[in-house]
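Notes follow the structure.
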Amino acid sequence: IHTNYLRSASIAVLLPNRRPPTMASSASVSPAAAAAAVSGAHHRLLLPCSPRRLPRPRPRLRLRSSCHRLVACHADTLLPSSAGTQAPAACTSTASANGFSDWLSEHGLPPGKVAILDRPVPCFREGKDLPLHYVAAGQDLEAGDVAFEVPMSLVVTLERVLGDESVAELLTTNKLSELACLALYLMYEKKQGKDSFWYPYIKELDRQRGRGQLAVESPLLWTENELNYLKGSPIRDEVVARDEGIRREYNELDTLWFMAGSLFQQYPFDIPTEAFPFEIFKQAFVAVQSCVVHLQKVSLARRFALVPLGPPLLTYKSNCKAMLTAVGDSVRLVVDRPYKAGEPIIVWCGPQPNSRLLLNYGFVDEDNPYDRIVIEASLNTEDPQFQEKRMVAQRNGKLAIQNFQVCVGKEKETIAEMLPYLRLGYISDPDEMQAILSSEGDTCPVSPCTERAVLDQLVGYLESRLADYPTTFDEDDAMLADGNLEPKKEVATRLVRLEKKLLHGCLQAANEFINDLPDHTVSPCPAPFSPELK
């Protein structure tokens, strides 16, 4: 799992014929993976030959005017198709895909109906960056067809890495996630080179570098200048918080080493924090996040799994129903729609907003029905009646600090839900407060001036939040229509544009409530302890 393109186009060297450890069968699987990307520094290996020294980075090559945006397409049929069915038309086959598919076949992958094809990537390295691989239909498919089955002997889980007892003890410490354990395991396996059973799979993950279907890495690995593409978006704070969480896990890696001594005795290397610098671990962690499949209704030791032919080779979509399912001793993918040979196989990425899709997988879904933003409202703690107001809020299912989810297409409903909470903060008369305490249900409009004050505060907040973005909604549309944006800037522009669309919807709803007020001559009431909006 490294952050550099491979120095050789070929990764077809196979391992000695070592049998992997056996693994028991698992139950039903829901492939809502986690994570996203690998380093924006395209010139660093995840595991350099000397673990304590990083190679000197080379300067990023500029895009030449004569350079096409996309490199050429190649294709390689992964699995034999049934007789009489044509595989997708292919350009020159790649040795790397051959090596990976040969390894899968040699270790028990049954014949299926998919192919590994090359996805063109933007040309920012004079054509030297290898195309990404993705799983496509190897023949025409119908809804309900089994696209492929991966035997559990080729699936990486913590059950294989640590064993149930160690996992249970580890997870109760609440300091290390499953992703950190899987990342550390693969980092040590990679240091073994061709002696590792997982060598071809790790080489395939290296090639992908955690990039999603838009060939973009997670913002966790963007440079500071690249993060400026997201200025105004709450995802900037999420990146900082996630980075701090990864660093905390890095500081606990030695705990895993000592708790699972029997596992790591096979590795003649230093303890984790001495063998791997933080930046190397971070790149591995983020790459594993982009690949991991979340298993449900299974033991803790199997809750997260790395499945060959799974992410990132599969294409994510928010409105898809296809999911990986464990049946007996294999993981099976049943497609939910018809496919023509050569079309990317699509799977569901879970009910995640676009900010999470970008953070985890490096892409944004324009048709995401689960997209949302958050408006945080909080009661003023300096209010003399704070405790009474908090009791009323809790009685109605709200907290002193309440997050309101603005879902796509539900902007007006969210504003209507916020109004009773905001009205509560504007009440200053003790008699009015006692009347509300003795009543049930949400806080109704108290007075025309209070209602106008509440709506004016909401409108001012929304306008201020929109002003935090350096570009307008129309300017974003113009940049995207031009089609010449650098990939990271393009995906960032798509995200902030969708955020602005939700904010504009809320602003329109708030103005509609103002227009519905019976008397527009009433001035807003002063509110010394008005709620706070963030």
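When a residue number appears, it is its place in the shown sequence, counting from 1.
Between the side chain of Glu343 and the backbone N or O of Ala137, no donor-acceptor pair lies under 3.5 Å. Using a distance-only test at 3.5 Å, with no hydrogens or angles considered, a donor-acceptor pair links the side chain of Glu475 to the main chain of Thr472. Listed for the Glu411 side chain is no donor-acceptor partner under 3.5 Å among the backbone atoms of Val408. In this structure, Tyr339 contributes its side chain and Ile346 its backbone to a donor-acceptor pair below 3.5 Å. Arg236 places a side-chain N or O within 3.5 Å of a backbone atom of Leu227 that can act as its donor or acceptor partner. Here the side chain of Arg211 pairs a donor or acceptor atom with the backbone of Gln208 at under 3.5 angstrom. Between the side chain of Glu217 and the backbone N or O of Gly210 there is no donor-acceptor pair closer than 3.5 Å. Looking only at distances, no side-chain donor or acceptor of Asn396 sits under 3.5 Å from a matching main-chain atom of Lys398. Between the side chain of Tyr461 and the backbone N or O of Lys534 there is at least one donor-acceptor pair closer than 3.5 Å. The backbone N or O of Asn319 sits nowhere less than 3.5 Å from a side-chain atom of Trp348 that would complete a donor-acceptor pair.
Rounding to the nearest 0.5 Å gives a distance of 10.0 Å between CD1 of Ile436 and CZ of Arg423. Within the model, atoms CG of Leu357 and CG of Asn368 stand 5.5 Å from one another, a figure rounded to the nearest 0.5 Å. Distance CG/Asp482 to OG1/Thr493: 11.0 Å, rounded to 0.5 Å. With rounding to the nearest 0.5 angstrom, the CE atom of Met433 is 4.0 Å from the CG atom of Leu437.
Thr471 and Lys500 are linked by a side-chain donor-acceptor pair at a separation below 3.5 angstrom, with hydrogens and angles left out of the test. For Gln457 and Tyr426, the side-chain atoms include at least one donor-acceptor pair closer than 3.5 Å. Residues Gln405 and Thr414 have side chains that never bring a donor and an acceptor to within less than 3.5 angstrom of each other. Looking at Thr223 and Asn225, their side chains never bring a donor and an acceptor atom within 3.5 Å of each other.
In terms of the side-chain hydrogen bond (donor to acceptor under 3.5 Å, both in side chains) criterion, residue partners of Lys317 (sequence neighbours excluded) are, by chain and number, Asp365. Under the ring-ring contact (aromatic ring centres under 6.0 Å, His included) criterion, Tyr229 pairs with no residue, sequence neighbours left out. With sequence neighbours left out, the side chain to side chain contact (heavy atoms under 4.5 Å, CB included) criterion links Pro353 to Ser355, Arg356, Asp371, Arg372. Tyr421 pairs by the ring-ring contact (aromatic ring centres under 6.0 Å, His included) definition with Phe404, not counting sequence neighbours. Considering only residues two or more places apart in sequence or on other chains, Gln387 meets the side-chain hydrogen bond (donor to acceptor under 3.5 Å, both in side chains) condition with Arg390. Every residue meeting the side chain to side chain contact (heavy atoms under 4.5 Å, CB included) condition with Pro234, not counting sequence neighbours, appears here in chain and number order: Arg465, Tyr469, Glu499. In this view, Phe473 satisfies the ring-ring contact (aromatic ring centres under 6.0 Å, His included) rule with no residue, not counting sequence neighbours. Shown here are the salt bridge (charged side-chain N to carboxylate O under 4.0 Å, His left out) partners of Glu512, two or more places apart in sequence or in another chain: Lys412. For Glu532, the side chain to side chain contact (heavy atoms under 4.5 Å, CB included) partners are Ser378, not counting sequence neighbours. Not counting sequence neighbours, the partners of Asp383 by the salt bridge (charged side-chain N to carboxylate O under 4.0 Å, His left out) test are Lys389.
Ring geometry for Tyr250 versus Phe278: interplanar angle over 60°, hence perpendicular rather than tilted (30 to 60°).
Here the closest heavy-atom approach between residue Asp519 and residue Val522 is recorded as OD2-CG2, 3.5 Å. Residues Thr315 and Pro344 share a closest heavy-atom pair of OG1-CB, 3.6 Å. Taking every heavy atom of both residues into account, Leu379 and Ala393 meet most closely at CD1-CB, 4.4 Å. Smallest separation of non-hydrogen atoms from His133 and Leu313: O-CD2, 3.5 Å. Heavy atoms only, all atoms of each residue included: Asn380 and Phe386 are closest at O-CD1, 3.4 Å. Of all heavy-atom pairs spanning Leu419 and Glu451, the tightest one is CD1-OE2, 4.3 Å.
Ionic pairing of Arg494 and Glu490 is present here: one or more N-O contacts between side-chain nitrogen and carboxylate oxygen are shorter than 4.0 angstrom. Under 4.0 Å is where a charged nitrogen must lie from a carboxylate oxygen, and between Glu226 and Lys488 at least one such pair does. Under the 4.0 Å criterion applied to side-chain N and carboxylate O atoms, Glu366 and Arg497 are assigned as salt-bridge partners. A salt bridge does not link Lys231 with Asp468: every distance from a Lys NZ or Arg NE/NH1/NH2 to an Asp or Glu carboxylate oxygen is 4.0 Å or more.
For the pair Gln283 and Glu279, the minimum side-chain heavy-atom distance is below 4.5 Å. At a threshold of 4.5 Å between non-hydrogen side-chain atoms, the residues Pro219 and Leu230 count as touching. Looking at heavy atoms from C-beta onward, Phe304 lies in side-chain contact with Leu182 at the 4.5 angstrom threshold. Looking at heavy atoms from C-beta onward, Leu214 lies out of side-chain contact with Val364 at the 4.5 angstrom threshold.
Note on residues 463-534: pairs passing disulfide (SG to SG under 2.5 Å), not counting sequence neighbours, are Cys449-Cys525. Identified under the salt bridge (Lys or Arg N to Asp or Glu O under 4.0 Å) test for residues 306-316, with sequence neighbours left out: none.
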>> Go through it in stages, so that I can follow the logic: the residues are Leu253 and Phe281, the test is side chain to side chain contact (heavy atoms under 4.5 Å, CB included), and I'd like the CA-CA distance, side-chain angles, deciding distance and then a yes or no.
In response: CA-CA 10 Å; Leu253 286 182; Phe281 171 72; 3.7 Å; yes
> Going through the checks in order, is the side chain to side chain contact (heavy atoms under 4.5 Å, CB included) test met by Phe285 and Ser177?
Replying inline: CA-CA 10 Å; Phe285 184 95; Ser177 69; 3.7 Å; yes
>> If you apply the rule side chain to side chain contact (heavy atoms under 4.5 Å, CB included), what do you find for Val331 with Thr325, and how did you get there?
In response: CA-CA 6 Å; Val331 176; Thr325 303; over 6 Å; no
>> Under the criterion side chain to side chain contact (heavy atoms under 4.5 Å, CB included), I'd like the reasoning laid out for Ile246 against Val286: C-alpha separation, chi angles, the key distance, then a yes or no.
In response: CA-CA 9 Å; Ile246 295 173; Val286 174; 4.2 Å; yes
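No more than 12 heavy atoms of other residues, nucleotides or ligands shown are found within 6.0 angstrom of CD1 on Ile401.
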